[in-house]
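In what follows, a structure is listed as structure tokens, so that the remarks can point back to it.
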There are 2 protein chains.
Amino acid sequence: MKKNDITIKDIAKIAGVSINTVSRALNNKPDINIKTKKKILEIAKELGYIKNITASSLRNKKTKTIGVLFKDITNPFFVEVLKGIEKATKENDYSLVLMDVENDFEIEKKSLKIMAEKRVDGILISPVRKGKNNFKKIINLNIPYVIIGDHFENIDADEIYANDVKGGYLATKHLIENGGKNIIFLSVKNHNFVSYSRFLGYKKAFEEFNLTINKKLIFEIDEDVNAAYKKTIEFIDEKISFDSMFCFNDILAYGVIKALRENNIKIPDDVMVIGYDDIIYSSIIDLTTIRIPKFEIGYRAFHILLDKINNKSKEISKIILDVELVKRKTT
Amino acid sequence: MKKNDITIKDIAKIAGVSINTVSRALNNKPDINIKTKKKILEIAKELGYIKNITASSLRNKKTKTIGVLFKDITNPFFVEVLKGIEKATKENDYSLVLMDVENDFEIEKKSLKIMAEKRVDGILISPVRKGKNNFKKIINLNIPYVIIGDHFENIDADEIYANDVKGGYLATKHLIENGGKNIIFLSVKNHNFVSYSRFLGYKKAFEEFNLTINKKLIFEIDEDVNAAYKKTIEFIDEKISFDSMFCFNDILAYGVIKALRENNIKIPDDVMVIGYDDIIYSSIIDLTTIRIPKFEIGYRAFHILLDKINNKSKEISKIILDVELVKRKTT
DNA sequence: TTGTAGGCGTTATCAC
DNA sequence: GTGATAACGCCTACAA
């Protein structure tokens, strides 16, 4: 007999007790004789009994697993967030089912359905954004969820995200204070709230210094190194006048730096570059950036979700985590 | 009534049929009147019925989910592999439970137990290595599994990994051909088979050119950027004579490059640097490296596992994927 | 073509 | 302290 075929029934038979006495022993319930318990535990161990969570989930209506839906599991930002989620999950005896939604509405919809079918206890999601906010339509399941790294207006959902207005402000202020006059804001498409917040911060800094924004220096590209690289080459070719660049994230900044270096533009002397996220490689290339507490976002997101699952909190949480400027050598 | 509380029983009642007629309709079985089927499907849709996979898994003894155990889910190599696994998983209507084993035997053991309890249909694992090979002891469950990115002697396990002997050879040969005389091999601890293979390749190249290896130029450090950075500083401080470095992976190479740059050592003029893996950032910093088909490793690993699960293949697969030199600007 | 009955492995309720 | 029984929701014989 295979080990994972052994059931409490088998143990009961050998121990000469009923199945629910076995259940009691295995689940540390009271109302059981210490000696029978010990005996049962021994038999279970000897037989190599492995509990069937599938069965207990059915009975308990709890799967002790959560679903995690990311737009792109390869994005270093999400990788770090995932690490935080995974850690918290493990610490609380939960498991996690991961799905890469590939920034695609249809896949997101389908994934959500699968999560519902699996009866996950809760969902952590970074919703797909394509211009419109279709998110609300999608989640009409009765599953607790919290949104990670984004904010939706008019939706009563739990959210945890970074203070991107502050981040945009700190970055821009830093550039201005270091002599930046023509500051390009290299933003991305499809990030309504996040990119808008960073833009607001950018604007705020300009206002604080009584400067006016040159809208011609604001660009939106795909969230991709090569797109940033190419765009920067364009700036150079078209002889756009700029002395600093605030990039939507570190990945874009990498592309920018590569393009500048290849054109012998000195960083930071000719052009200052600042990124966003502070992903792990940024310290190596000495990129100045805004640090987001990624691990913490994931870790806390799980705990917010857990409270929802256990009905400990009824009110909606909108958690906004602090960010900080990390000054390195590209500014 | 919540949508996920609706069962086939409810549908049966409304449709005025028995529950297994509903089951037949829902599962596209033959032997059902097309009209009753249509009616049932409509009712199911209207009620917002969501199948309970927990229940069907119990009945079918199939969970349609696999477990993925990685030493470190944050390592870019595994991130890419995971992407491949996730894609293949999704395409085959499977799901994936992810656990970060934190390079720790105890966590690995515990995680494996959880996977067994969840009755995953199969496991994809990059086993923890700490000097000894304790892996065999751990997997004595009756669950199909395939080992990713590693090879164990004397174990009849399915494995998929890269041709690291070739990779080590290509890297070293490239350095020698470009004038490398004193080639440091910066390897890591805890990677018995992989690091040993790369070493064998290194050795092979030396032999081919009738050179003798200087064992004083072989080092083992932790698999960590900062460790590589510090070690390189040591080389410089101790005035070790070297003109090139073959790094165990790209991450180490990043640390090395940083240290060299800070000490005004020109790359590749004074020192050539070559990495391994070709993770995504390496193209940006123009690191010469050995490319491993990471996505493919994950993607194919799933398919090997799937065949095991479906009993399509009884023999053991040892798949060794090809690698290639990617010449960029650090050599 | 459809229905009845039983069981997957666990846990909760209740009685003893 | 312990046991019998039912139930979680689904699927599969088998019978009708």
Side-chain angles (χ1 to χ4, degrees), chain A residues 1-41 43-44 47-65 114 116-121 142, chain B residues 1-41 43-44 47-65 114 116-121 142:
Chain A
M1 177 146 55
K2 291 181 197 165
K3 287 194 180 178
N4 50 12
D5 283 350
I6 290 164
T7 71
I8 53 173
K9 215 170 162 182
D10 301 311
I11 299 174
K13 202 175 294 170
I14 295 178
V17 295
S18 75
I19 56 168
N20 81 41
T21 300
V22 175
S23 179
R24 273 198 278 262
L26 259 20
N27 293 298
N28 278 313
K29 300 274 170 177
D31 286 5
I32 184 166
N33 184 306
I34 185 87
K35 281 179 73 182
T36 45
K37 177 170 176 178
K38 201 180 160 204
K39 183 178 164 195
I40 290 169
L41 258 24
I43 294 173
L47 294 181
Y49 167 76
I50 298 168
K51 173 182 186 157
N52 186 330
I53 292 189
T54 275
S56 59
S57 292
L58 177 59
R59 176 67 235 230
N60 294 332
K61 292 176 171 290
K62 284 267 171 225
T63 52
K64 286 277 204 167
T65 104
I114 294 170
E117 292 181 340
K118 292 185 97 69
R119 297 294 191 270
V120 295
D121 295 338
N142 284 291
Chain B
M1 180 145 53
K2 289 181 199 167
K3 288 193 180 178
N4 50 13
D5 282 350
I6 291 164
T7 70
I8 53 173
K9 213 169 163 183
D10 301 312
I11 298 175
K13 202 175 294 171
I14 295 178
V17 297
S18 74
I19 56 169
N20 84 39
T21 301
V22 176
S23 178
R24 274 197 278 264
L26 260 19
N27 293 299
N28 279 313
K29 300 274 170 175
D31 288 3
I32 183 168
N33 183 307
I34 185 90
K35 281 179 70 181
T36 44
K37 178 171 175 177
K38 200 180 159 205
K39 183 177 162 195
I40 289 169
L41 259 23
I43 293 173
L47 295 180
Y49 167 75
I50 298 168
K51 173 184 188 154
N52 185 330
I53 291 189
T54 275
S56 59
S57 292
L58 176 60
R59 178 66 235 236
N60 296 332
K61 291 174 172 291
K62 283 266 173 226
T63 52
K64 285 278 204 165
T65 104
I114 294 171
E117 292 181 338
K118 292 184 96 69
R119 296 295 190 271
V120 294
D121 295 338
N142 284 291

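We name chains A, B, ... by the order of the sequence lines, and we start the count at 1 in each one. Here the structure is a predicted model, which means the values were calculated and not measured.
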- Indicate, with a heavy-atom threshold strictly under 4.0 Å, whether A:Ile19 touches base, sugar-phosphate, or nothing. base

For residues 28-35 of chain A, which side-chain N or O atoms pair as donor and acceptor with protein atoms under 3.5 Å away, sequence neighbours left out?
residue : atom : partner : partner atom : Å
A:Asn28 : OD1  : A:Lys37 : NZ           : 2.9
A:Asn33 : OD1  : A:Lys35 : N            : 2.6

Residues of residues 27-39 of chain B with a heavy atom under 4.0 Å from any atom of DNA chain C, listed by number, are B:Asp31, B:Ile32, B:Asn33, B:Thr36

Taken to the nearest whole Å, CG/A:Leu26 to P/C:dT11 is 8 Å

- Task: Return yes if a side-chain donor-acceptor contact under 3.5 Å exists between B:Ser18 and B:Thr21, otherwise no.
- Result: yes

- request: Look at the side-chain N and O atoms of A:Ser18 and state whether any lies under 4.0 Å from the OP1 or OP2 oxygen of D:dG3.
  value: yes

I'd like to know if A:Arg59 reaches the base of D:dC8 with its side chain, counting only an N/O donor and acceptor under 3.5 Å. no

Atom CD1 of A:Ile53 and atom C1' of C:dT11 are separated, to the nearest Å, by 14 Å

Rounded to whole Å, the CD1-C1' distance (A:Ile8 to C:dC8) equals 12 Å

Hits for side chain to side chain donor-acceptor pair (under 3.5 Å) against B:Thr63, two or more places apart or cross-chain, chain-then-number order -> B:Asp121

For D:dA7 and A:Lys61 - does any side-chain N or O of the residue sit under 4.0 Å from the phosphate oxygens OP1/OP2?
no

Checklist line | Below 4.0 Å: OP1/OP2 of D:dT2 and any side-chain N or O of A:Thr21 | finding: no

Separation of C:dC8 atom P from A:Ile6 atom CD1, nearest Å, is 15 Å

Correct closest heavy-atom pair for B:Ile6 and B:Leu47 would be CD1-O, 2.9 Å

Here the distance between atom C1' of D:dC8 and atom CD of A:Glu117, to the nearest Å, is 18 Å

| task | Give a yes or no answer on whether the side chain of A:Ser57 reaches the backbone of A:Lys62 with a donor-acceptor pair at less than 3.5 Å. | result | yes

B:Ser23 meets the side chain to side chain donor-acceptor pair (under 3.5 Å) criterion, sequence neighbours left out, with B:Asn27

State whether B:Ser23 places a side-chain N or O below 4.0 Å from either non-bridging phosphate oxygen (OP1 or OP2) of D:dC11. yes

The side chain to side chain donor-acceptor pair (under 3.5 Å) partners of B:Thr65 (sequence neighbours excluded) come to none

Find every protein N or O atom lying less than 3.5 Å from an N or O atom of nucleotides 14-16 of chain D, and list the pairs.
none

In terms of heavy-atom contacts, B:Lys118 and A:Thr54 come closest through O-OG1, 4.0 Å

message = Do B:Leu58 and A:Asn52 have side chains that approach each other closer than 4.5 Å (heavy atoms only, starting at C-beta)?
response = yes

Checklist entry - Can you check whether A:Lys9 has a side-chain N or O nearer than 4.0 Å to OP1 or OP2 of C:dT10? => result no

